[in-house]
Amino acid sequence: MQVVQVQQGDGPVILAFPHVGTEVPSEVWGRLNDEGRVLRDTDWHIHKLYAGLIPGLTTVTATQSRTVIDLNRDPSGESLYPGLTTTGLIPQTTFDNVPIWDQPPGAADVAHWLEVVHRPYHAALAAEVAKVRARHGVAVLYDCHSIRSEIPWLFPGTLPELNIGTNDAATCAPVLEQAVAGIAAASGHSWVLNGRFKGGWTTRHYGRPETGVHAIQMELSQISHLAQEEPPFALDPARTDHLRQTLTEILATLADLAPRLAHS
């Protein structure tokens, strides 16, 4: 089983795609119910949205569905948002709190998929972070996500289109946070910094500015790029083109700022 695909670039920015995978092993597929097989909470087409935006990007892309195991959750199972509704290492429900299993997974399943999928993905990601930092003296990890714009079980109202997460400024240098927020503010998209989504386990685990590794999560509301947030989850060309312009500016700015951080 190939659980991760890596494309190495020569620049300082790494894109991580933990939730774009749609592969489901047969032993998992056979235990899902009809709703589970929709794979509704996939980050649909996000890797396509970011493809080719700037030269030199390294990409680390998961192949397996988050239904198998969630690569943006703490392997210990500790909640990223204590006191708030969320899903765990192996989701039991959709983000609408609809069950997805005929035969729910247990502790043995969690242990197995941690070993087979979660750890290899993060070993690959950690290796690329180390290579980029060794080459440039700094690495900027940009964790790419999307989510439906209205999910009452998780948050009230409509989610902004651009949700920037730095765990309250802990995971990257202030100049990076300020630059991304400034671009978002001028983009014409609705946006928020450290709102409902402050950055998941990837951002919090790798983002150590004092070591030269800076991490930012971008959670895109799917209304910003999908024709509809229901099957078949197709991209909307006009929305996609507009959003790609903003994302290009963000990534180019991060790449431009990285060298000064390496020597600060």
Kindly say whether Ala170 contributes a backbone atom to a donor-acceptor pair with the side chain of Asn167 at under 3.5 angstrom? no
Which distance, rounded to the nearest 0.5 Å, do you find between the CD1 of Ile183 and the CD of Gln178? 12.0 Å
Side chain of Thr240, backbone of Asp236: donor and acceptor closer than 3.5 Å? yes
Using the side-chain contact (heavy atoms from CB on, under 4.5 Å) rule, take Thr63 and Glu23 through it: C-alpha gap first, then chi angles, then the decisive distance, then the call. CA-CA 6 Å; Thr63 65; Glu23 295 181 15; 3.9 Å; yes
Under the side-chain contact (heavy atoms from CB on, under 4.5 Å) rule, what do Leu193 and Glu177 come out as? Steps first, then yes or no, please. CA-CA 9 Å; Leu193 173 63; Glu177 181 186 79; 3.8 Å; yes
Can you pull out every side-chain hydrogen bond (donor to acceptor under 3.5 Å, both in side chains) where at least one residue sits in residues 116-130? Sequence neighbours excluded, please. Gln8-Glu128, Glu115-Arg119, His122-Tyr206, Glu128-Lys131
Just checking, is any N or O donor in the side chain of Asn72 or Thr202 under 3.5 Å from an acceptor N or O on the other one? yes
In Å, rounded to the nearest 0.5 Å, how long is the span from CG of Leu247 to OH of Tyr142? 5.0 Å
If you define the side chain from C-beta out and look only at heavy atoms, does anything of Gln92 sit under 4.5 Å from Pro104? yes
Can Arg148 and Glu230 be counted as an ion pair, charged N to O under 4.0 angstrom? no
Go through it in stages, so that I can follow the logic: the residues are Ser187 and Leu162, the test is side-chain contact (heavy atoms from CB on, under 4.5 Å), and I'd like the CA-CA distance, side-chain angles, deciding distance and then a yes or no. CA-CA 10 Å; Ser187 69; Leu162 308 178; 3.9 Å; yes
Donor-acceptor pair between Gln7 and Gln5 side chains, under 3.5 angstrom: no
Report yes if the side chains of Leu57 and Ile54 come closer than 4.5 Å at any heavy-atom pair, otherwise no. yes
Would you check, one step at a time, whether the test salt bridge (charged side-chain N to carboxylate O under 4.0 Å, His left out) holds for Asp168 with Lys198? CA-CA 7 Å; Asp168 294 326; Lys198 298 177 183 293; 3.3 Å; yes
Count I, L, V, M, F, W, Y as connected when their side-chain heavy atoms are under 4.5 Å apart, and connections chain through other members. Are Val6 and Val129 then in the same cluster? yes
Flag the pair Met218 / Leu220 as yes when at least one side-chain heavy-atom distance between them is below 4.5 Å, and no otherwise. yes
Within the 3.5 Å criterion, strictly below it, is a donor on Thr158 or Glu150 matched to an acceptor on the partner's side chain? yes
Measure across Ser149 and Phe155 and return the closest heavy-atom pair with its distance rounded to 0.1 Å. O-CE1, 3.3 Å
Check: Val13 and Leu15 side chains under 4.5 Å, non-hydrogen atoms: yes
How about Glu249 and Thr253: do any of their side-chain heavy atoms sit closer than 4.5 Å? yes
So does Arg135 pair up with Asp10, basic N to acidic O under 4.0 Å? no
NE2 on His19 to CD on Glu219, rounded to 0.5 Å: 8.5 Å
Over 12 foreign heavy atoms within 6.0 Å of CD, Glu78: no
Backbone N or O of Pro91 within a donor-acceptor pair of the Trp101 side chain at under 3.5 Å? yes
When hydrophobic residues are tied together by side-chain contacts of less than 4.5 Å, even through go-betweens, does Val117 share a cluster with Leu125? yes
Which residues share a salt bridge (charged side-chain N to carboxylate O under 4.0 Å, His left out) with Asp143, sequence neighbours left out: none
Is it the case that atom CG in Asp241 sees more than 12 heavy atoms from other parts of the structure closer than 6.0 Å? yes
Could you label the plane-to-plane angle of the Trp44 and Phe233 rings as parallel, tilted or perpendicular, counting under 30° as parallel and over 60° as perpendicular? parallel
Should Asp74 and Arg204 be marked as a salt bridge (charged side-chain N to carboxylate O under 4.0 Å, His left out) after you check the CA-CA gap, both sets of side-chain angles, and the distance that decides it? CA-CA 10 Å; Asp74 189 327; Arg204 302 183 198 194; over 6 Å; no
Look at the side chain of Arg196 and the backbone N and O of Leu154, then say whether any donor-acceptor pair between them is shorter than 3.5 Å. yes
Shared hydrophobic cluster for Val38 and Phe95 (ILVMFWY, side-chain gaps under 4.5 Å): no
For a quick test of reading the model, state the closest non-hydrogen atom pair linking Pro160 to Ser221 and the distance between them. O-CB, 3.2 Å
Under the side chain to side chain contact (heavy atoms under 4.5 Å, CB included) test against Ser146, which residue among Asn163, Ile46, Ile223 passes? Ile46
Any link between Ile14 and Ile216 through a network of hydrophobic side chains (Ile, Leu, Val, Met, Phe, Trp, Tyr) touching at under 4.5 Å? no
Check the pair Thr246 / His189 against side-chain contact (heavy atoms from CB on, under 4.5 Å), numbers first and verdict last. CA-CA 9 Å; Thr246 299; His189 294 283; 3.6 Å; yes
Can any side-chain N or O of Glu161 pair as donor or acceptor with the backbone N or O of Ser190 at less than 3.5 Å? yes
Check: Asp96 side chain, Val98 main-chain N or O, donor-acceptor pair, under 3.5 Å: no
Between the CG atom in Asp109 and the CD1 atom in Ile69, the distance rounded to the nearest 0.5 Å is 9.5 Å
Do any N or O atoms from the side chain of His214 and from the backbone of Ala173 form a donor-acceptor pair under 3.5 angstrom? yes
Verify whether one side chain among Thr87 and Arg73 offers a donor that lies under 3.5 Å from an acceptor in the other. yes
Could you tell me whether the side chain of Thr171 and the main chain of Ala215 form a donor-acceptor pair under 3.5 Å? yes
For Ile164 and Ala184, the nearest pair of non-hydrogen atoms, with its separation, is CD1-CB, 4.0 Å
Sequence neighbours excluded, which residues qualify as salt bridge (charged side-chain N to carboxylate O under 4.0 Å, His left out) partners of Arg244? none
What's the separation between atom CG in Leu159 and atom CZ in Phe197, rounded to the nearest 0.5 Å? 5.5 Å
Measuring only between side-chain heavy atoms, which start at C-beta, is Thr22 closer than 4.5 Å to Ser65? no
Does any donor atom in the side chain of Thr166 or Asn194 lie under 3.5 Å from an acceptor atom in the other side chain? yes
Would you say the side-chain atoms of Thr58 pair up with the backbone N or O of Gly9, donor to acceptor, closer than 3.5 Å? yes
Check whether the ring centres of His225 and His45 lie less than 6.0 Å apart, and answer yes or no. no
If you round to the nearest 0.5 Å, how far is CZ of Arg133 from CG of Leu141? 11.5 Å
Heavy-atom nearest pair, Val140 first then Leu176, reads CG2-CD1, 4.3 Å
Show the nearest heavy-atom pair for residues Val4 and Ala124, with the distance to one decimal. CG1-CB, 3.9 Å
Examine distances only and state if a side-chain atom of Gln228 and a backbone atom of Pro231 form a donor-acceptor pair shorter than 3.5 Å. yes
Tightest non-hydrogen contact, residues Leu226 and Leu235, listed as CD2-CD2, 4.0 Å
Count I, L, V, M, F, W, Y as connected when their side-chain heavy atoms are under 4.5 Å apart, and connections chain through other members. Are Val116 and Trp201 then in the same cluster? no
